[in-house]
Amino acid sequence: MTSRHQTENQAASRPHSLRTLVLLLVAHMLALACLGYLLAHKQRSLLVELAISRAEIGIGSLAAAMSGASLAGLEAAEMQRLHEQIDSLPGTANGIAGAAMFTLAADGHGRIVHHAPAGSDAATMEGILNTLASQKSGRRVSNNPDAPALALIVPDSGGLLLTLDAAPLQAEAARFAAVLRNDLLLLAGISALALLFLLMLARRRLNGARWLPVLIILPTFIAAGLLALHSAQQISGSLQPALTAKTSALAGSLAERLAHAINLGIPADKLTGVTEYFDEIRQRNPDIAAIVFEQAETSATGIASSRAAVLADGRQIGEVWVVADADYAYRALWAIAADVAVVLLATLLAFRELLAAVVVPAHDEGNSGLLAVQSLRLPLFLFILSEELTRAFLPLFFRDAGMAHALSADLAASLPISVYMILFAATTPYAGGWADRFGPTRVFALGAALCALGFGWMALSQDYWPLLIARALCAAGYALGTMACQRQIIASTADDNRTRGLALFVSAVSIAAICGASVGGVLAERMGYRGVLLIAAGCALAGFAIFALSREKSAQMPAGQAAFHLRDLGPLLRNRRFMMLMLGAAIPAKIALAGFLFYLTPLGLQADGYSPAAIGRAIMLYYILLTLGNPLASLLADRWRQPLTLVVAGMLLTGLGTLAALAVPPLTDDLALWAGIVSLGIGTALSAAPMQTLAVQLAGQDSPTPVLVALRTLERLGSVIGPLIAGGLLVWLPHHLAMTAIGAIALAGTLILLINARQQREAAA
Amino acid sequence: MKKLLTGILLTACTLLSNSAQATEMHVLMLLYRGCEEACQSFQAYFKKQKLPVRFTLRDAAQDKNRIPGFIAEARRLKPDLILTWGTTMTQMVAGSWRDADPARHIVDIPVVFMLVSNPLEAGLVRDLAKPARALTGTLYLLDEAVQLRAARSYFDFRHLGLLVNPAEPNALTTRDRLRQLAPQLGYRLSEQVLPLDAQGRPLAEAIPAQVRQLAAAGIDLLYQPPDSFLNQQRDLLTGSALACKLPVFASAEGPVVNSGALMGVVNRYTEVGRHTAQQAARILFEQADPARLPITLPRRFSYLVNLTSAHRLERYPPLKLLDYAEIVNASPAQSIPKSCE
């Protein structure tokens, strides 16, 4: 009997394995491709940066001259001597395509007053200038490899604009990309074979071993490591000519300045301010290691160094020697180390998910219910991933869209989150019933379709208001999709398995959140917000595709769960103790989550100069803490059996953590935000599960389901008003203090809860 | 027939000559120190722009008593515009805004002034943005704060010296301003007041001694204000300063370009003349109302460095300053004393 069962299962799992294999290979290729993309992008941006800083050398003294002239009262249009110097700038040797002098109006709009070469189009240059207007610093750069540009602002006067020749940069980038592609194909092929081999080995020998994911990920990691190493060498080599060109330009420019001074009659040994002049330059150019002026012949050593002779009256007075930092390329690559780590971590987690979906632990072999749930993990993972990919940047995206239509920045960013939460809260209670009536597959399909539609619309729309509708679609789709999955799990599992089934659900959600928040940020930084939105749409659709192809769709429909009606909320709303919990803990918790983590954090970190990738990592930390904290919390809950204590402890921690913002002058803004994130993560981990338990206890009803539904629905209220409150606070407070205000709400709620609990105890006593 | 042709020719000639007379403008230039660069560049502007202007020049040669005669002549000549050079000339020709007297002053012909250090202090107008009378003109001096900050980019001076000419109306204003700026810009100010003779004129012979005293007080930079007398005595002043190894910062170009001052942040006189001519042209050819033309600075300033003085003082401009300064080479016309005694 057992052997037949086993054979049947093996037969059932063989197509499984094929699917697993394919998915693992796909994930493997995707991970390596992502890595390759990061490396290529980094190389391109390093090339562009070097080209820009080299061009900047050409105009460094010009900008200083403009500044000095403006100090002395000159208007940009009047600086004839400098206009002549601008005319001499464009050239193929220095990579400068166009140069211009401009003035800045009070509204930040730039106007070109002089440009070179004479035939170039001032209107185009003005257009480029005004795309740089959104940057606030004195040195504005466009790193776009197709149109690199640099604008140096001269205070109270205007500035200088340079547009660079993109062709040589693109050629070099293409060359590196070709090498990278070859490397990638080779490594991907070899490691794919290794993966296959390992999988087959694993199936035969190590079925269900816990360290299987670690083993399976090895080919990917090794391939990634080799790719990175080889690319580092290649990048260093490809930057070499650019660095040499720069040191040569710098040496020449400095030698000229010195010769000019000496030709004016200043004795070489009486030159003043030379060291200060050099130091200023080295500060602006971190890739330059040393600049030396020797008044005799010297022998130059070092990588990418250049010498230029200082000539006066035809005699050589000395040499300027500029040495570039040999480790520049390697140091620069370290900048993307964090992003690479994120991609590898996400890959590891994704692999784990994929394997868990199929390689079933031995003791679960016969359990068709759990098999069904396992097969749900991947679609659910992808589905949740689609939403989480946008975490790191969505408020920023909406703020930019809103500002383009003259909306207040903070309101523009908070409105979509609230709209989302309203729709989510409204749809969730009914979604479960629909899943029961129409079948989870159909509802999941609808959910995925709505999500994909919503993300796609956001990616393509240029207006602001339609974005709100798209967001509403996403919310409805998300609610439908997640409830459909939940129903499916409930339907497929019997009571004894249900807890494990739901736990798997929760873990899929957490892992998707961790991967999504971080990888979303990494991708957004390179391909822009809209690109990531399109990927999110793709993920939603992929999730559905896998769900549809899954063969473990439950054959039986469960006994109809009671449909949800709003009137069910009635008795709960009248239940004072239940409502105290809602007002004191549940709602403030969601205010903190939606208002602080989803809304304030991206806006605040971006204001502190964080890239989308860095923001993604910060949000990822919350999810990591949440995931790690949960088992600890369950342990404590079982130990103490006092859910109220844990809820209070969690909320207190959340609130107190936000007080870090008050330490801000010694502490930096962004560190205060990180402290808030950490305390929110740990606090939520501690209080989330006990809150559910407590809610059910306080409700005192027979069936927990309506209570949980009510809990979720009322909580959403917090999610709706959270971003709106935070947005309102931003009118008066900086981001970190707005966080504290929200923490104060949590603390106030906890106080209410404690007072109420004490009253109850006294009343009972 | 012949009569008809003659008639037509005569009419044509009259018409032509009338129109020629109508378009050519007459500008009366009342100067105080002859026609220097500003005066020349003023005239050159009209030539360059091909605007038909006839100039009549009258030079007071630094004698105030000649001015009433010019005023009388102006009433006779009835020019289209009067250009006045300097504060004294302008005050006497146009009077102050409070009590311009048609008997003593010109009120019915537009007057444009240049090289007036401080039109507000001189009582010429109430508001630089809107003169509200038939008098307008141009500024030429930078605010002292801007000048001293520019001086700092040469070297970090800590103790400033000033020679005050009590006969000069603007001298006290400058002195007060420098006193006011001392704590803000972080320097000490030492002053020496020039003695006056029986006629109330400052004594040039006192200059070297006063420079020596300032040197003894430990100044590291001597400020030369935009004072006509001191400008006249620039060789004596800068020569004594050089002998005492003192750099001189000049607020006008003369001491730097033609004498021994080390540096100056100035409007070149040619620029002043051009800027003023632009304004005059608007009145003459665009029917602009002088009461509405704001009194402004020219746009082009120069940071002048006298490298010869730099050599003598062995104090050279830093490399960064060389990126935008204008280098000149000049010495005082008379010989420099050997030492500071």
Side-chain angles (χ1 to χ4, degrees), chain A residues 57-83 85 103 113 154-158 160 253-281 284 291 293 310 320, chain B residues 138-156 247 251 253 262-268 270-272 274-275 278 296-330:
Chain A
I57 290 167
I59 59 169
S61 59
L62 198 57
M66 191 174 171
S67 162
S70 125
L71 161 77
L74 274 163
E75 279 267 311
E78 241 64 44
M79 299 178 186
Q80 305 293 4
R81 224 169 46 99
L82 302 182
H83 294 177
Q85 289 184 42
T103 55
V113 300
V154 175
D156 297 325
S157 179
L160 297 166
S253 150
L254 291 175
E256 211 187 282
R257 303 303 317 146
L258 289 168
H260 171 71
I262 294 173
N263 281 328
L264 283 176
I266 303 179
D269 53 341
K270 289 271 170 50
L271 287 168
T272 45
V274 178
T275 326
E276 288 79 10
Y277 199 69
F278 287 173
D279 284 343
E280 257 184 55
I281 292 175
R284 285 199 304 267
I291 306 178
F293 172 46
V310 178
V320 174
Chain B
T138 57
L139 302 172
Y140 82 107
L141 288 185
L142 267 177
D143 176 58
E144 287 82 350
V146 179
Q147 290 182 326
L148 291 179
R149 282 204 191 92
R152 278 262 162 79
S153 54
Y154 198 116
F155 72 97
D156 193 18
S251 338
E253 72 180 68
L262 177 63
M263 54 171 149
V265 177
V266 302
N267 261 316
R268 305 300 300 263
T270 47
E271 214 22 59
V272 176
R274 197 184 65 87
H275 187 61
Q278 269 182 329
T296 56
L297 276 169
R299 286 314 186 178
R300 246 202 269 190
F301 262 90
S302 302
Y303 195 131
L304 302 171
V305 172
N306 182 340
L307 220 46
T308 317
S309 297
H311 278 305
R312 288 211 172 90
L313 295 167
E314 288 196 308
R315 205 189 256 279
Y316 296 98
L319 208 52
K320 194 165 171 180
L321 185 52
L322 289 177
D323 279 347
Y324 55 86
E326 271 183 49
I327 307 293
V328 298
N329 283 292

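These figures come from a predicted structure and were not determined experimentally.
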Whether over 12 other heavy atoms sit under 6.0 Å from E256(A) CD: no
Toward chain A, the part of L307(B) with a non-hydrogen atom under 4.5 Å: side chain
Sidechain N-carboxylate O distance under 4.0 Å for K320(B), E276(A): no
Interface residue of largest heavy-atom contact number with chain A, from A325(B), A310(B), P317(B), under 4.5 Å: P317(B)
Closest non-hydrogen atom pair between P267(A) and H311(B), with its separation: CD-CE1, 4.2 Å
Minimum heavy-atom distance between G273(A) and L319(B), given as atom pair plus value: O-CB, 4.2 Å
Spatial distance of atom CD1 (I327(B)) from atom CG (N263(A)) [nearest 0.5 Å]: 12.5 Å
Reported CG-to-CG distance for the pair L322(B) and L258(A), which is rounded to 0.5 angstrom: 10.0 Å
Result of checking L264(A), L271(A), I266(A) against Y316(B) for side-chain contact (heavy atoms from CB on, under 4.5 Å): I266(A)
